[in-house]
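Sharing a structure below in structure tokens format, with a few things to ask.
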Amino acid sequence: MTEKTIPLLPCHAIQPVVDFYTALGFKTTFFQKSPYPYAAVERGAVELQFAGMKGYDPAQSYSGCYIVTDDVDGLYATFRAGLKAAYGKIPSRGLPRIGPLKDMSYGMRQFLMTDPGGNSIRIGQKISEDQHHRYPPEGTFARALHMADLFVDSKQDLPGAAKIVDRVLGLDDEHPTPPELLRLLVLRADIAQRLGDDESAATLLTRAAELPLTEDERESVDDALARLAELRP
């Protein structure tokens with residue numbers, strides 16, 4: 001006996017959603033405009049279906065799904081390349097958008113996309129058998145990074161994450177290690193860009209790029225350095 005789950009996701013308009021998934025390498029297997037807008041897209045074993053809804057506000061959407069893969073790094077690179085070819089740039093804020101690739105505290109390496117319908121699509125790969133949320137780590141800055149990552153990726157609460165990072169960056173009696181500082185600066189710049197504060201983002205990215213790091217330290221923050229390169233113009 002074999003079963004298959006196909007997420008059915010809402011959207012305001014069908015065509016922009018189909019165009020988005022086409023850019024990611026999905027094939028459209030069904031499309032209709034009447035008697036109601038509906039479409040299905042497929043890429044390998046992944047199938048998603050969409051229904052157009054009058055009066056639906058994508059900015060207020062809470063819908064989404066999780067796609068598990070055995071090559072999250074490969075999909076991330078492929079999806080970013082497809083979006084850049086289709087949109088002329090890689091969208092990182094507004095709708096649609098694609099976020100950074102990172103290791104999460106619940107044993108998944110993942111990135112988050114939001115399509116034109118406001119649906120949050122998480123794509124992840126298991127990197128630990130323990131799928132429970134980890135307790136916040138010891139240390140002021142490690143704990144802040146842990147919590148801010150959860151606010152950004154799980155709660156999608158950008159202002160909340162910004163407050164966490166700003167608080168620890170403003171401490172006078174305690175200082176982060178260079179790798180911690182790099183990760184904090186890149187994360188805060190990412191948040192600033194997504195909130196439309198490009199001036200602050202540019203300042204934070206310049207500061208991050210100028211941080212002196214040893215070779216071992218650079219290896220420990222590969223993902224943050226990759227995101228730094230993605231965010232800088």
Nearest 0.5 Å, what's the CZ-CD distance between F151 and Q156?
13.0 Å
Got F141 and L181 here, is their nearest side-chain heavy-atom distance under 4.5 Å?
no
Step-by-step salt bridge (charged side-chain N to carboxylate O under 4.0 Å, His left out) determination, D73 to R109
CA-CA 9 Å; D73 288 76; R109 179 168 174 77; 3.0 Å; yes
Anything under 30° is parallel, anything over 60° is perpendicular, the rest tilted; go ahead and classify F30 against Y38.
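Geometry flag for Y38 against F30: perpendicular rings.
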So, Y21 versus F50, ring centres under 6.0 angstrom or not?
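Centroid distance Y21-F50: below 6.0 Å, so yes.
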Donor + acceptor pair across side chains of Y106, S128 (<3.5 Å)
no
Please name the pair of heavy atoms, one in V168 and one in A144, separated by the smallest distance, quoted to 0.1 Å.
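Heavy-atom minimum between the residues: CG1-CB, 3.7 Å.
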Single-linkage hydrophobic cluster F26~Y87, side-chain heavy atoms < 4.5 angstrom
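Yes: a chain of side-chain contacts under 4.5 Å links F26 to Y87.
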Might you work through the side chain to side chain contact (heavy atoms under 4.5 Å, CB included) test for V18 and F31, ending with a clear yes or no?
CA-CA 9 Å; V18 169; F31 185 92; 3.9 Å; yes
If you apply the rule side chain to side chain contact (heavy atoms under 4.5 Å, CB included), what do you find for S92 with R97, and how did you get there?
CA-CA 5 Å; S92 61; R97 63 178 180 268; 5.6 Å; no
Is there a side-chain contact between V152 and L158 in this structure, where contact means two heavy atoms from C-beta onward sitting under 4.5 Å apart?
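With C-beta onward as the side chain, the pair touches.
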So E3 and T5, do their side chains get closer than 4.5 Å, heavy atoms only?
no
Just so I know, are the side chains of M113 and F111 near enough to count as touching, which here means a heavy-atom distance under 4.5 Å?
yes
From I98, V68, T69, residue fulfilling side-chain contact (heavy atoms from CB on, under 4.5 Å) relative to I123
T69
Pair D149 + R183, salt bridge at N-O below 4.0 Å
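Here D149 pairs with R183 in a salt bridge, since their nearest N and O are under 4.0 Å apart.
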Is the shortest side-chain heavy-atom distance between I121 and L112 below 4.5 Å?
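No, side chains not in contact.
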Say whether M108 and F79 are linked into one hydrophobic cluster, either directly or through other cluster members, by side-chain heavy-atom distances under 4.5 angstrom.
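In one cluster: no.
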Can you tell me if E42 and T29 form a side-chain donor-acceptor pair at under 3.5 Å?
no
For the atom pair CD (E180) and CG (L169), what is the distance rounded to the nearest 0.5 Å?
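Answer for the CD-CG pair, E180 versus L169, is 11.0 Å.
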Can you find a heavy atom in the side chain of R43 that is under 4.5 Å from one in the side chain of L48?
no
So that I can tick it off, tell me whether D222 and K102 are bridged by a salt bridge, with the cut-off set at under 4.0 angstrom between side-chain N and carboxylate O.
no
Taking all non-hydrogen atoms of both residues, which atom of P116 and which atom of L95 are closest, and how far apart?
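That closest heavy-atom pairing would be O-CD1, 4.2 Å.
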Tell me, with the steps shown, if Q193 and L205 meet side chain to side chain contact (heavy atoms under 4.5 Å, CB included).
CA-CA 10 Å; Q193 273 198 9; L205 291 171; 3.9 Å; yes
Output all residues satisfying salt bridge (charged side-chain N to carboxylate O under 4.0 Å, His left out) with R227, sequence neighbours left out; order by chain, then residue number.
D190, E230
